[in-house]
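Convention: sequence-line order gives letters A, B, ...; per-chain numbering from 1. Computation of the quantities below employed the complete heavy-atom set of this structure, encompassing side-chain atoms and omitting hydrogens, waters and symmetry-equivalent molecules.
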2 protein chains.
Amino acid sequence: MDGAAEGEGIETVARLRAYIEGSQLTVDSRLPPERELSRALGVSRAGLRQALAVLESEGQIWRHVGKGTFIGTRPIATVSDIDAMVRRTNPAEVMRTRLLIEPEVARMAALNATPAQIAEMRACMTRSRAAATWRQYESWDNRLHRTIAEATQNALLVSLLDTLGAVRRAVAWGRLRVNKVKPEPDHHSFAEHEEIVAAIAERDRERAAETMRRHLETVERKLLGERRGA
Amino acid sequence: MDGAAEGEGIETVARLRAYIEGSQLTVDSRLPPERELSRALGVSRAGLRQALAVLESEGQIWRHVGKGTFIGTRPIATVSDIDAMVRRTNPAEVMRTRLLIEPEVARMAALNATPAQIAEMRACMTRSRAAATWRQYESWDNRLHRTIAEATQNALLVSLLDTLGAVRRAVAWGRLRVNKVKPEPDHHSFAEHEEIVAAIAERDRERAAETMRRHLETVERKLLGERRGA
DNA sequence: GCAATAACCAAAACGAGATTGGTCCCGGAG
DNA sequence: CTCCGGGACCAATCTCGTTTTGGTTATTGC
């Protein structure tokens with residue numbers, strides 16, 4: 001079984017390798033469609049596909065329907081499509097990710113925040129306290145967290161957190177907060193936000209990270225814990 | 001100057017507000033195109049656009065050519081386009097971001113890594129030691145860091161790190177490593193990788209985070225520090 | 001003058017048709 | 001009977017021309 005048949009397969013693989021080497025096809029370039037390539041190499045399309053499968057398993061090429069066959073390793077999928085990401089994650093993962101990143105962001109913000117940014121944080125808190133609806137409150141809450149992100153003075157980090165925020169908003173937790181129309185004056189976030197911004201203003205990095213961590217843990221409890229409990 | 005003319009403008013704004021309230025248009029929904037809406041409200045398109053400009057400055061709506069006019073605040077731009085991000089960041093920001101996130105990722109990996117994942121980490125290290133070219137070394141180095149990310153058991157976090165990695169590869173491109181063809185056997189990363197994986201295998205979260213931090217600091221020095229020095 | 005109308009522009013969306021990798025089925029050669 | 005080649009088909013993707021839409025400028029009418 002392995003004599004002639006496998007020999008033919010190896011022959012096709014070798015011819016394919018020679019073709020790729022011969023043509024000045026570099027990494028990431030597309031090679032001809034299967035129908036065309038099979039004619040050029042004088043093999044059947046099925047035989048060519050077997051040879052391509054070998055090279056793909058070796059990591060030499062990668063293929064995708066509608067796109068073609070490419071030289072090199074398959075490009076990784078980024079969070080370019082928020083909707084695609086939402087289908088693979090859940091609110092718990094979002095909170096774990098926030099807990100992992102945002103305390104360190106607060107620490108870095110305490111180091112680098114400008115006076116203007118600290119002033120904007122305080123303005124966000126004032127406006128969130130005065131919010132008449134949950135929607136307005138969330139708007140100012142988002143802006144507060146984004147201002148803290150901007151205070152790291154790192155554009156890449158801000159974009160990553162924006163992406164995380166987009167996933168957070170898109171992920172299906174469109175429930176909760178159906179009972180009340182607006183935040184209570186003693187809503188837990190108000191005091192916690194005060195502590196975070198105060199720590200940043202005082203340049204106390206450790207306390208900024210710690211208070212942010214406690215804040216997010218409270219949010220996590222309210223969002224996930226109470227759902228199980230109630 | 002402000003009597004009749006401004007009065008008319010306010011009148012149009014009021015009529016527009018009434019239209020939005022009246023129609024059951026919710027947040028993020030698109031309202032009719034300007035040409036159509038101006039006919040419906042019985043005002044000129046120019047007058048309507050002035051009224052729309054008022055609502056836009058208030059943050060009630062946002063507009064974009066080719067898309068339309070939408071209710072709510074303008075959606076933020078995520079890291080959907082790697083190339084666009086590359087133009088706004090630099091290698092220093094990439095390293096700062098890695099230093100902020102990846103030690104915590106290692107800490108979380110030490111908590112959640114499966115035996116199979118730890119085995120894959122060791123396989124990556126073995127293969128990176130045996131690499132014949134820098135390209136091969138980087139391939140296994142990337143895969144090692146990605147396996148550590150996967151060990152957090154958090155798909156969202158993995159995607160965010162993939163995005164970060166894509167930016168890193170795009171920004172830190174042609175330079176460095178022009179002098180040697182392959183990694184030295186005593187390359188600093190080898191021993192550092194060993195320490196990180198050992199800490200993860202021993203479930204020592206604190207040491208995993210600390211060794212990862214030291215590893216990235218070494219990479220940062222090699223990448224940025226020596227460039228300034230030499 | 002000046003505001004309304006129309007005309008034009010570039011960005012985005014839309015849609016029909018062509019491409020392309022992946023799969024299945026049938027017929028013929030060995 | 002097995003197995004390979006050919007063809008047809010499928011779904012994802014790309015391509016390209018057309019339409020829609022906000023933004024801008026010129027023209028017209030009072």
Side-chain angles (χ1 to χ4, degrees), chain A residues 1-13 15-16 19-20 25 28-57 59-75 77 80-81 83-84 87, chain B residues 1-13 15-16 19-20 25 28-57 59-75 77 80-81 84:
Chain A
M1 178 214 273
D2 52 359
E6 205 174 41
E8 287 249 325
I10 289 179
E11 168 63 23
T12 304
V13 170
R15 209 179 306 182
L16 184 53
Y19 174 89
I20 294 177
L25 291 177
D28 289 342
S29 64
R30 201 185 83 178
L31 48 83
E34 294 179 353
R35 292 159 176 83
E36 189 177 326
L37 191 54
S38 64
R39 267 190 287 109
L41 296 183
V43 298
S44 71
R45 194 182 158 208
L48 171 64
R49 282 182 55 74
Q50 285 182 18
L52 287 171
V54 172
L55 264 64
E56 184 175 33
S57 69
Q60 300 287 331
I61 62 171
W62 63 277
R63 303 181 278 180
H64 196 295
V65 293
K67 284 181 176 162
T69 305
F70 300 83
I71 299 180
T73 59
R74 183 184 307 275
S80 56
D81 187 4
D83 294 336
R87 284 192 294 273
Chain B
M1 176 210 277
D2 52 359
E6 204 174 42
E8 287 248 327
I10 289 179
E11 167 64 23
T12 304
V13 171
R15 209 179 306 183
L16 184 54
Y19 175 89
I20 293 177
L25 290 176
D28 289 344
S29 65
R30 201 186 82 179
L31 47 85
E34 294 179 353
R35 293 160 176 82
E36 191 178 325
L37 191 54
S38 64
R39 266 191 288 111
L41 296 185
V43 298
S44 73
R45 194 181 160 209
L48 171 64
R49 283 182 55 75
Q50 285 181 19
L52 287 170
V54 172
L55 265 64
E56 185 176 33
S57 69
Q60 301 287 330
I61 63 172
W62 64 277
R63 303 181 278 179
H64 196 294
V65 292
K67 285 181 176 161
T69 305
F70 301 84
I71 299 179
T73 59
R74 183 184 308 275
S80 57
D81 187 4

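Rounded to a whole Å, the CD atom of A/Glu56 is 11 Å from the C1' atom of C/dG22. With rounding to whole Å, A/Arg39 atom CZ is found 14 Å from C/dT20 atom C1'. Atom-to-atom, CD of B/Gln50 to P of D/dT24 comes out at 13 Å; the value is rounded to the nearest Å. In this structure, the CG atom of A/Leu41 is 13 Å from the P atom of D/dG5, given to the nearest Å. Atoms CG (B/Leu48) and P (D/dT21) sit 14 Å apart, rounded to a whole Å. Here D/dT20 presents its P atom at 18 Å from CG of B/Leu31, a figure rounded to the nearest Å. If you take CD1 of A/Ile61 and P of C/dG22, they are 9 Å apart, rounded to a whole angstrom. Between the CZ atom of B/Arg63 and the P atom of D/dT21 there is a distance of 15 Å, given to the nearest Å.
In this structure, A/Thr73 and A/Gly59 approach most closely via the heavy-atom pair CG2-O, 3.8 Å. Of all non-hydrogen atoms in A/Arg63 and A/Leu52, the two that sit nearest each other are NH1-CB, 3.5 Å. Annotation for B/Tyr19 and B/Pro32: closest pair OH-CG, 3.3 Å, computed over non-hydrogen atoms.
Side-chain contact check for A/Asp28 versus A/Ile71: every heavy-atom pair is 4.5 Å or farther apart.
Residue B/Thr69 places at least one side-chain N or O under 4.0 Å from the OP1 or OP2 atom of D/dG22. OP1 and OP2 of D/dG7 both lie 4.0 Å or more from every side-chain N or O belonging to A/Arg35. Considering only side-chain N and O atoms, A/Arg45 lies nowhere under 4.0 angstrom from the phosphate OP1 or OP2 of C/dT23. Note on A/His64: a side-chain N or O is less than 4.0 Å away from OP1 or OP2 of D/dT13.
Nearest to the side chain of A/Glu34, among C/dG21, D/dG22, D/dG6, sits C/dG21. Checked against C/dT20, C/dA4, D/dG6, the side chain of A/Ser44 finds its nearest nucleotide in D/dG6. Distances were taken from every side-chain heavy atom of A/Arg49 (C-beta onward) to each of D/dG5, D/dT24, C/dG21; the shortest belongs to C/dG21. For A/Lys67, counting side-chain heavy atoms from C-beta on, the closest listed nucleotide (D/dC14, C/dG21, D/dG23) is D/dC14.
Taking the nucleotide of DNA chain C with the nearest heavy atom to each of B/Val43 and A/Gly66, the more 5' of the two is matched to B/Val43. Comparing B/Val65 and A/Pro32 along DNA chain C, the residue whose closest nucleotide (by nearest heavy atom) sits nearer the 5' end is B/Val65.
Side-chain N or O atoms of A/Arg45 include none that pairs as donor or acceptor with a backbone N or O of A/Arg39 at under 3.5 Å.
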